[in-house]
Amino acid sequence: MAFKTAIWPRRLRSQAWYGGTSRDNIYHRGWMRNQGLPADLFDGRPVIGICNTWSELTPCNAHLRDLAERVKRGVYEAGGLPVEFPVFSVAESSLRPTAMLYRNLAAMDVEEALRAQPVDGVVLMVGCDKTTPALLMGACSVDIPSIVVSGGPMLNGWFRGERVGSGTALWQMSEDVKAGKLTQDDFLEAEQAMSRSPGSCNTMGTASSMASMAEALGMALSGNAAIPAVDSRRRVMAHLTGRRIVEMVKDDLKPSDILTRAAFENAIRVNGAIGGSTNAVVHLLAIAGRVGVELTLDDWDRLGRDIPTIVNLMPSGKYLMEEFFYAGGLPVVIKHLCETGLVQKDTLTVSGQTVWDEVKDARNWNEDVILPVERALTPQGGIAVLRGNLAPKGAVLKPSAASPHLLKHRGRAVVFEDIDDYKAKINDEALDIDETCVMVLKNCGPRGYPGMSEVGNMGLPPKVLRKGITDMVRVSDARMSGTAYGTVVLHTAPEAAVGGPLAIVRDGDMIELDVEARCLHLDLPEEEIARRLAEWTCPITPPRGGYAQLFHEHVQGADTGVDFDFLRGCRGKEVPRDSH
Ligand code: FES
C-alpha cells in the first residue's frame, strides 16, 4: 500500500517521526505497526499522548486504564491517533519517606517523555495528590497542547450512619482511639468503610483541591473536578477530553496560552472558596515557575484575604465530594466568584472558551453544600501567609481548618527535633506539655525530611486528648495532608535543615501566633537569636548518590514551590537531533 501523508492542514511535530518514506520514517512507523495499526493512522493526523499515572500501587489511580480507553474513543472520533504511555506514579498513601520527594521526579519523567516522543498533544491522566501538579509541571516545560482529566473522587465513605471522609476520618479516629473514645476493633472495622470505590480522596483534600485547581486554571474541561470516579459521567468527561485535545492541537492551544497570571490569580481565589489544601500553595508556585509567571506567597495572602469559604466539605465542613458534584460542583463556585468580581471572567480555558462562558449557566442545587456567602464557613477562607522572626520567608496556615480561639495565641514551645523525636516523646505521660503550649517540629522541610512530609498536623499528646481538647497550635517546616485540620502553621521558611530560625527554638521559648496580623514571632531578644544561629550546626547528613542526592542539592524552599532550581522554566518541545 502506498504511504500517503498530510491530511492535516499543517505538518505536525509527529510527522518528523512518521511522515515520510525514509529509512528512519519506516523504522519509527513500522515498529509502531506491530501493534496492528493501519498505515493511514500515520497520515499526518495528530498523535495524542495519553500520559497515564495508572498503577496498582497508586490505589487512587488504579482505575485510570479504563478511563484511558474512553479518552482513546474521543481521540479516534475526532480524527487523532491515541497512544497511551506510563509515567512514574506518585502514590500519596504508600511512598516513603514521602510522596512529595517524588513529585519532581515524576515531572522530569513527563517532561522528557513528551519531548522525546512523537506526540502532538497530551492528555494528562491524574488523580492522587502529586500526580496532578507533577504532570502539569512536566507538560508546561514542554508546552505542547495539554489537557487534564482527573480520575475523580471515591464515593462517600459511610460508617455506622456517619460520613467518613478519606484522611479526615483517619486522623480523627486515630485521636479518638488515643483518647479512649473508640476501640481499636471499631477503627479496624471502619477501614473498608472509608474507601468504598475506586477514586481519589473524597474530602476536599489535596487530590480534590488540585483537580479543582486544574479546572480553575483552565487546564481541564469545566466540571472535571468533582464527578465521582465510578459515575458514568466520569467516562463521558474522559471521552470529551479525548475529542477536545485533537481540536487543541488543530488550534495549537498550549499551556502558555492558558496559564497566564490571571489564571493563577483565579485559581488562588477558587482555592479559598473551596477550603482547598495548603499543598496547593507549593504546587501552584511550582507550576507558575515552569511557565514563567511571577507568583509569590504574598499573592496567596493578598488574593485569599477576602475570599469566603463557601464549599461545606471536610476537612473544613461537613460533606464530601459526591455531594459537591450533586450540588453542581466547581462551576457553581466559579460562577459565584465571577459574579462578585473575584474571578476574572475572560481568562481562556482548554475548551477555547472563557471561564465565564463555561460557568455562566451553572446552578446551585444544594445550598447546604455550596453555601450562600451570608452563611460562609469562614469569611476569610484563603491561605494566611505568616511572617516574623520565626518565618522570615513565610509560613502558611489554613484559617478555615483552624480553631478560631487559637488564631491569636501565645504559648510555651515544646520542641521535637525531628519526626523520630516526636514519635519517641509524644505518648510519654511525663512530657511537660498542656493545651496552652505550642508544639514545634523541626527538620521536616524539603531537605530535612527529605521531601517535606505531611507530618505538620502532629497528633496531640494523649493526656491532652483525654481532657477533650482536640486542637493545639503546632508549628513546623512540614506540610500537612489536605484532608487534615487544626491550628497548624506549615511550610515555615527557611526550613530548619538549612538554618532557618525554626532550627534554634528550644523548649520553654515563648511563641506568638497572630493570624489576623499575619505574624509568627519567637519572643527572644535579637542578640539571643543571632547567638543561637551562629552556634547552629546542621544535624542532617546529606544523602550520597542517586535521586536523593539530586533532590538535596537542587530542591528550592517551600516559599518558591519546592521545585528543582534547574527545572524552573519552559525548555520547549524541540529535540536536538533524531535517533540515528
Ligand atoms: Fe491518593 Fe488521597 S491518598 S488522593
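Counting starts at 1 for both ligands and their atoms, in listed order.
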Is there a side-chain contact between Asp129 and Glu454, using heavy atoms and a 4.5 Å cut-off? yes
If you count the atoms of ligand 1 from 1 in the order shown, which ones are under 4.0 Å from a heavy atom of Glu92? 3 (S)
I need the SG(Cys128)-atom 1 (Fe) of ligand 1-SG(Cys60) angle, rounded to 10 degrees. 110°
Which atoms from ligand 1 have a heavy atom of Ser200 less than 4.0 Å away? 4 (S)
Side chains of Thr58 and Ser89: donor-acceptor distance under 3.5 Å anywhere? yes
Number the atoms of ligand 1 from 1 as they appear, then name those within less than 4.0 Å of a heavy atom of Asp129, with their elements. 2 (Fe), 4 (S)
Lys/Arg-Asp/Glu bridge criterion (N-O < 4.0 Å) met for Arg160, Asp186: yes
Please determine whether the number of non-hydrogen atoms from other residues, nucleotides or ligands lying under 6.0 Å from atom CD of Glu191 exceeds 12. no
Quick note on ligand 1: atoms under 4.0 Å from a heavy atom of Ala207 include exactly 4 (S)
Taking the inter-plane angle between the rings of Tyr422 and Phe416 on a 0 to 90° scale, is it parallel (under 30°), tilted (30 to 60°) or perpendicular (over 60°)? perpendicular
Got the closest protein heavy atom to atom 2 (Fe) of ligand 1, with its distance? Cys201 SG, 2.1 Å
